[in-house]
A.B. asks: 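Below you will find the structure I want to go over with you.
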Amino acid sequence: MTLSNQQLAEIFNDIADRLEIQGELVFKVRAYRTAAENIAALGRPLAELWAEGQLETVSGIGKEIAKKIDELMRTGRLEFYERLKREVPDGVVAMLRVPNVGPKRAKLFWESLGIDNIEALEAAARAGKLRSLPRMGEKAEQSILAGLEALKHRASGRFRLGDVLPFAESLVAELRRVPGVHHAAYAGSLRRGKETIGDVDILVATRDPAPVMQAFLAQPGIAQVLASGETKSSVRLENGLQVDVRAIAPEVWGTALQYFTGSQQHNIRIRELAQRLGYSLNEYALTRQTDGKEERFADEAALYARLGLAYIPPELREDRGEIERAQALGAGHVLMPDLISASDLRGDLQMHTNWSDGTADILTMARAAVALGYEYILITDHTAGLAVAHGLDAARLREQRKAVDEANAQLAREGIAFRVLHGAEVEVRSDGSLDLPGEVLSTLDLVQISVHTALNQPREVITARLLRAMQHPHVHILGHPAGRLINERDGADYDWEAIFRAARERNIALEINADPARLDLSDTLARRAAELGCLFSISTDAHAPTALNNRIYGVLTARRAWLTPAQVINTWPLERLLAWARHAR
Ligand code: DGT
Ligand code: CA
Ligand code: CA
Ligand code: ZN
């Protein structure tokens, strides 16, 4: 059994963590940490020194620790460590990874509340159970929730689109105001509308980069300046997000924007194409290989055209067939000119009000939708099966119908042409039955079903469950189909082909939930469903009026799925939507 220095260092660090949680004396804990550090930094394998009987020549390794290393080397185990692992659960040690949770707090949460894993810690913090513990308080509880958020980003290394886009929009707007700036835009995965973002790449066209860099570095919220050069600066924000700003000359805006938008896979294909035409391509120019003659592009579309390609919208640049299609179309065209955009949406088909777990009343949600230029909304409060969300039973749903009618009457009195539709987000029970009977569902304008519970059922079980629910005669929309939460939990393990075929057959629209924590269906699943002929809805699942603005994230995801308005039922006029609802079944 040969343990590497790295493995040994990890063991001793783990021992130190567990001892510290147990409240062991500081100097003992420190001895293990020092040993770990010295072993990790050692130039040669500790196993060799052990074989030579020279362990104690390493600084930080005394008699006690040398004995433990010897036991590990000889037997592959350490009885002392095994006992510690039994005494302090792994989940309690894992809590140390949460920023703002140290050994004292981990011990406190474990001993006083029995919290022995990160999920339980989050639940307790959300429920406000940590604040009343000794030496805690509301602020400390908030800092732990913030730490849990930071950990999620760190685990995946990626930020949710919705946590990045608003910040990038305002930064770009700021940089556009700097004197001498011709253009400013975010590029990279953000411009492509990906569901998660590794870092933000901002591009500025100017002949005078200095004031741009100055304005950028003067932004609030910067934790660390990683690099600051004449034409490129990089910072890390307080939330951990890295932001790069590059300044380039206006005449190379087209090549630079194309290059930094990516994706890398797309760019590799584009460069190959250029090479086949006898050119090399980089962020500055297209260069003829024979004589080095350079062509510059102030405009991205001109570059695509020069390579004989139709213009490719950024959301499609993933090397998923867009290059072949753009080649077939040829220069001067646009690939998918009818790709869906936010202005195509006429309404929002999933939202919650204060009848269940939303914050606002029906009329307030309606007015927010009117302000967005919508023609209709569908109210989809939870049904009784989801008790945590104060779901509605049949009687309350009947009452809510009256409230919907009243809201419509009020808007009509004000001369506002708008329609509030009455729906529900009906629970799919774990056996696939719905938690409201057909005669209640038939009173609704549109019925959405969702799975919120037992998402971890095995594939065959959960697929059969959902297929059974989809056979129900009153179902129109399948809400957040996968049930995933980005950076938090994977969705259910459905047989998607079977679900999509059933959706197609039963004429059930699949939701692209625009909540940036969900984006569900995902881009790739939605694209597959579209290939199989499915219809979609793009809805925000708003629990408050401002959340209706999240539609943009749903639209970006739909664009990445190559969807057109015709495939999305909430781009249809109200009459068509209602006719579909009646005749779909
Ligand atoms: P991210 O940040 O992980 O969400 O993804 P991206 O796509 O924003 O990637 P990033 O930030 O590494 O680079 C931005 C773009 O710059 C990328 O989409 C394409 C381009 N790029 C960066 N490095 C390379 C490279 O080595 N080769 C090529 N062809 N393009 C690159
Ligand atoms: Ca990036
Ligand atoms: Ca980058
Ligand atoms: Zn839901």
Side-chain angles (χ1 to χ4, degrees), residues 153 156-161 163-165 168 185-203 226 232 234 236 240-246 248 255-275 280-284 312 314-319 349-352 356-358 378-383 385-386 388-392 423-428 435 447-453 455 477-487 491-492 511-515 517-518 520 537 539-543 547 556 560:
H153 294 145
S156 69
R158 305 186 63 81
F159 287 72
R160 290 170 175 169
L161 178 60
D163 294 334
V164 177
L165 192 62
Y186 50 80
S189 51
L190 190 56
R191 183 164 182 240
R192 304 198 309 280
K194 254 185 102 160
E195 63 189 33
T196 61
I197 305 300
D199 69 359
V200 177
D201 307 280
I202 289 177
L203 215 54
L226 304 170
K232 187 193 164 188
S234 269
R236 190 170 302 288
L241 181 65
Q242 185 179 327
V243 184
D244 302 344
V245 171
R246 290 180 181 83
I248 45 96
T255 38
L257 185 59
Q258 197 285 325
Y259 180 89
F260 288 110
T261 296
S263 67
Q264 194 159 336
Q265 287 82 344
H266 175 90
N267 283 0
I268 288 168
R269 296 287 312 278
I270 295 289
R271 272 207 312 266
E272 283 170 2
L273 203 83
Q275 273 159 12
S280 65
L281 177 64
N282 63 18
E283 57 266 54
Y284 303 109
I312 302 174
E315 295 89 344
L316 305 186
R317 299 182 195 170
E318 297 289 348
D319 191 18
L349 300 179
Q350 182 176 183
M351 69 193 64
H352 299 266
S356 68
D357 60 347
L378 179 70
I379 302 293
T380 55
D381 277 308
H382 292 285
T383 56
L386 201 62
V388 289
H390 309 291
L392 277 60
E425 178 173 18
V426 182
E427 279 302 296
V428 175
D435 78 339
V447 172
Q448 181 201 305
I449 58 168
S450 296
V451 175
H452 292 109
T453 57
L455 282 161
I477 301 168
L478 175 59
H480 47 70
R484 71 159 173 177
L485 290 174
I486 296 172
N487 277 354
E511 182 180 71
I512 294 178
N513 191 296
D515 181 334
R518 291 189 180 274
D520 177 7
S537 63
S539 299
T540 58
D541 201 353
H543 287 64
L556 284 168
R560 290 175 60 81

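For ligands, and for the atoms within them, numbers begin at 1 and follow the listed sequence. The structure displayed is predicted, hence computed values, not measured ones.
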A.B. asks: Okay, side chain of S356, backbone of G391: is any donor-acceptor separation there less than 3.5 Å?
C.D. replies: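 A pair under 3.5 Å: no.
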A.B. asks: For the atom pair CG (L203) and OG1 (T261), what is the distance rounded to the nearest 0.5 Å?
C.D. replies: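 Going from the CG atom of L203 to the OG1 atom of T261 covers 7.5 Å.
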A.B. asks: Going by heavy-atom distance to atom 18 (O) of ligand 1, choose the closest among S189, A256, G262, G157.
C.D. replies: G262
A.B. asks: Could you tell me the separation between the CG atom of D515 and the OG atom of S539, rounded to the nearest 0.5 Å?
C.D. replies: 12.0 Å
A.B. asks: Short list, please: which atoms of ligand 1 are under 4.0 Å from a heavy atom of R158?
C.D. replies: 1 (P), 3 (O), 4 (O)
A.B. asks: Can you tell me the N, O or S atom of E425 that's nearest the Zn ion (ligand 4)?
C.D. replies: OE2
A.B. asks: Under 2.8 Å from the Zn ion (ligand 4) - does any N, O or S atom of D541 fall there?
C.D. replies: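 For D541, the answer is no, given that no N, O or S atom comes within less than 2.8 Å of the Zn ion (ligand 4).
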A.B. asks: Do ligand 1 and T196 have nitrogen or oxygen atoms that lie under 3.5 Å from each other?
C.D. replies: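 No.
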A.B. asks: Would one find an N, O or S atom of H382, in either backbone or side chain, under 2.8 Å from the Zn ion (ligand 4)?
C.D. replies: no
A.B. asks: Strictly below 4.0 Å, N to O, side chains only: are E195 and R560 in salt-bridge contact?
C.D. replies: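 Looking at E195 and R560, the cut-off is not met.
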A.B. asks: Atoms of ligand 1 less than 4.0 Å from I197 heavy atoms?
C.D. replies: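 Within the 4.0 Å cut-off of I197, ligand 1 contributes 4 (O).
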A.B. asks: Indicate the atoms forming the closest heavy-atom contact of R269 with D319, along with that distance.
C.D. replies: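 Where R269 meets D319 most closely, the heavy atoms are NH1-OD1, 2.8 Å.
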A.B. asks: Give the atoms of ligand 1, by number and element, whose distance to some non-hydrogen atom of R192 is under 4.0 Å.
C.D. replies: 7 (O), 18 (O)
A.B. asks: For E427 and H452, test the side chains for any donor-to-acceptor distance below 3.5 angstrom and give the result as yes or no.
C.D. replies: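 A pair is found: one side chain offers a donor N or O, the other an acceptor, under 3.5 Å apart.
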A.B. asks: Considering the heavy atoms of G198, write down every atom of ligand 1 situated less than 4.0 Å from one of them.
C.D. replies: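 Matching atoms, with element in brackets: 1 (P), 2 (O), 3 (O), 4 (O).
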A.B. asks: Rounded to the nearest 0.5 Å, what's the gap from CD1 on I312 to CD on Q258? Could you check?
C.D. replies: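 Reported to 0.5 Å precision, the distance equals 8.5 Å.
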A.B. asks: Heavy-atom contacts under 4.0 Å between D199 and ligand 1: side chain, backbone, both, or neither?
C.D. replies: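 Within the 4.0 Å criterion, D199 contacts ligand 1 through backbone and side-chain atoms alike.
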A.B. asks: I'd like to check which ligand 1 atoms, numbered from 1 as shown, lie under 4.0 Å from a non-hydrogen atom of T261.
C.D. replies: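 The atoms of ligand 1 under 4.0 Å from a heavy atom of T261 are 18 (O).
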A.B. asks: For ligand 1, is there an N or O atom under 3.5 Å from any N or O atom of R271?
C.D. replies: yes
A.B. asks: If you check every N/O/S atom of H452, which is the one nearest the Zn ion (ligand 4)?
C.D. replies: NE2
A.B. asks: What's the shortest heavy-atom distance between H352 and H543, and which atoms?
C.D. replies: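 For H352 versus H543, the nearest heavy atoms are CD2-CE1, 3.2 Å.
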A.B. asks: Below a 4.0 angstrom heavy-atom separation, can you tell me which part of S263, side chain or backbone, both or neither, approaches ligand 1?
C.D. replies: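 Near ligand 1, S263 shows its backbone, while the atoms from C-beta on stay back.
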A.B. asks: Is D244 close enough to touch ligand 1? Criterion: a residue heavy atom under 4.0 Å from a ligand atom.
C.D. replies: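 The answer is no: ligand 1 sits nowhere under 4.0 Å from a heavy atom of D244.
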A.B. asks: Answer yes or no: does an N/O atom from G188 fall short of 3.5 Å to an N/O atom of ligand 1?
C.D. replies: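 There is no such contact.
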A.B. asks: For R158 and G198, work out which heavy atoms get closest and say how close.
C.D. replies: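 In terms of heavy atoms, the two residues are closest at NH2-N, 3.4 Å.
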A.B. asks: Apply side-chain contact (heavy atoms from CB on, under 4.5 Å) to the pair L190 and D201, showing each step before the final yes or no.
C.D. replies: CA-CA 8 Å; L190 190 56; D201 307 280; over 6 Å; no
A.B. asks: Give the single entry among Y259, F159, F260 that approaches atom 21 (N) of ligand 1 most closely by any heavy atom.
C.D. replies: Y259
A.B. asks: How large, to 10°, is the angle at the Ca ion (ligand 2) when you draw lines to OD2 on D201 and to OD1 on D199?
C.D. replies: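 With the Ca ion (ligand 2) as the vertex, the angle is close to 100°.
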A.B. asks: Nearest 0.5 Å, please: how far is CD1 in I449 from CD in E511?
C.D. replies: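 Here the rounded value is 11.5 Å.
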A.B. asks: As an exercise, state the distance from CZ of F260 to CD1 of I248, rounded to the nearest 0.5 Å.
C.D. replies: 9.0 Å
A.B. asks: If we only consider heavy atoms of Q264, is any one of them less than 4.0 Å away from an atom in ligand 1?
C.D. replies: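 Q264 counts as a contact of ligand 1 under the 4.0 Å cut-off.
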